[in-house]
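Below is one structure, written out as structure tokens, with a few remarks after it.
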Amino acid sequence: MEKKPNFPPRPPRPSGPRPPMRDRRLPDRNAKDPNNINEHIRAREVRLVGDNVTPGIYPIQQARAIAEQLEMDLVEISAQAEPPVCKILDYQKYLYQQKKKAKEIKAKATKVVVKEIRFGPQTDDHDYSFKLKHAIGFLQEGAKVKAYVFFKGRSILFKEQGEVLLLRFANDLEEYGKVEQMPQLEGKRMIIMIQPKKK
């Protein structure tokens with residue numbers, strides 16, 4: 001039978017209340033919250049701004065007391081400032097308004113779709129017409145067209161041919177789109193960007 005290791009006895013735990021934990025989390029702070037609020041503001045003094053207070057620099061305890069009197073939250077809106085800038089407001093309402101604003105901005109921002117069309121340096125007329133037809137459709141739908149000539153191995157010697165092809169392509173699409181970027185060689189590809197014309 002194996003012998004149990006002989007550990008020294010544990011020292012007795014000191015009596016009285018336990019010392020406070022240094023990194024104890026306060027319950028009202030959500031990790032996802034973009035701002036520090038109330039007890040989570042670490043500065044000794046803050047600059048108060050807003051409609052419901054006299055603007056100025058206040059000790060943190062006084063700023064918290066004012067927020068409490070108004071039954072609102074003390075919210076740090078600029079942590080990098082010296083001292084940090086705080087506002088007294090209803091934080092839940094503030095978060096709701098920020099989300100609403102972000103949604104509106106997102107809705108207004110139109111998503112730009114980029115469609116790619118690839119050519120070889122010696123594309124025949126039939127293939128060219130087929131790709132031109134596709135490009136017209138993309139531009140009419142409001143998408144940008146990124147057309148490029150791909151040079152394999154020694155075909156890079158025909159880069160001038162590639163440039164001529166892309167400029168002809170842009171010219172044939174003049175009615176539907178305008179050139180955003182002239183033909184440019186990037187590695188083994190020569191690229192032109194065409195954006196739809198505003199209706």
_Working note: Asn171 + Glu174, criterion side-chain contact (heavy atoms from CB on, under 4.5 Å); need CA distance, chi angles, decisive distance, verdict._
CA-CA 5 Å; Asn171 192 51; Glu174 204 176 3; 3.5 Å; yes

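- A heavy-atom distance below 4.5 Å is not found between the side chains of Tyr176 and Ile194.
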Please list every donor-acceptor pair under 3.5 Å in which a side-chain atom of residues 96-103 meets a protein atom from a residue at least two apart or in another chain.
none

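- In this structure a side-chain-to-backbone donor-acceptor pair under 3.5 Å is missing from Asp73 to Val75.
- Between Ile191 and Gln181, the closest side-chain pair of non-hydrogen atoms falls below 4.5 Å.
- Asn35 contributes a side-chain N or O that, together with a main-chain N or O of Glu76, makes up a donor-acceptor pair within less than 3.5 Å.
- Side-chain contact check for Tyr148 versus Ile117: every heavy-atom pair is 4.5 Å or farther apart.
- Partners of Phe130 under the ring-ring contact (aromatic ring centres under 6.0 Å, His included) rule, at least two apart in sequence or in another chain, are His134.
- Residues passing the side-chain contact (heavy atoms from CB on, under 4.5 Å) test with Leu167, sequence neighbours excluded: Glu163, Met182, Pro183.
- The other residues sharing a hydrophobic cluster with Leu70 are Ile41, Val46, Leu48, Val53, Tyr58, Ile60, Ile66, Met72, Leu74, Ile88, where clustering joins ILVMFWY side chains under 4.5 Å apart.
- Residues Lys178 and Lys197 come closest through the heavy atom pair N-CG, 4.3 Å.
- Following chains of ILVMFWY side-chain contacts shorter than 4.5 Å, one cannot reach Val164 starting from Met190, and the two form parts of different hydrophobic clusters.
- For Gln195, there are no side chain to side chain donor-acceptor pair (under 3.5 Å) partners, not counting sequence neighbours.
- Using a 4.5 Å cut-off on side-chain heavy atoms (C-beta onward), Asn38 and Tyr91 make no contact.
- A cation-pi arrangement, defined by a distance under 6.0 Å to the six-membered ring centre and an angle within 45 degrees of its axis, is present between Arg118 and Phe150.
- Pairing each heavy atom of Ala143 with each of Pro196, the nearest pair is O-CD, 3.5 Å.
- Between Phe119 and Leu166 there is a side-chain heavy-atom pair separated by less than 4.5 Å.
- Across every non-hydrogen atom of Glu39 and Arg42, the tightest pair is O-NH1, 3.5 Å.
- With sequence neighbours excluded, the residues satisfying side chain to side chain donor-acceptor pair (under 3.5 Å) with Tyr128 are Asp172.
- Residues passing the side-chain contact (heavy atoms from CB on, under 4.5 Å) test with Pro55: none are found, sequence neighbours excluded.
- In terms of the side chain to side chain donor-acceptor pair (under 3.5 Å) criterion, Gln62 has no residue partners (sequence neighbours excluded).
- Enclosure of atom CD in Glu175 is not indicated, since only 12 or fewer non-hydrogen atoms of other residues, nucleotides or ligands lie within 6.0 angstrom.
- Every residue meeting the salt bridge (charged side-chain N to carboxylate O under 4.0 Å, His left out) condition with Glu116, not counting sequence neighbours, appears here in chain and number order: Lys146.
- Partners of Asp127 by salt bridge (charged side-chain N to carboxylate O under 4.0 Å, His left out), not counting sequence neighbours, listed by chain and number: Lys131.
- In this structure Lys144 satisfies the side chain to side chain donor-acceptor pair (under 3.5 Å) test together with Glu180, sequence neighbours excluded.
- Every side-chain contact (heavy atoms from CB on, under 4.5 Å) that Ser78 has, sequence neighbours left out, goes to Ala81, Val85.
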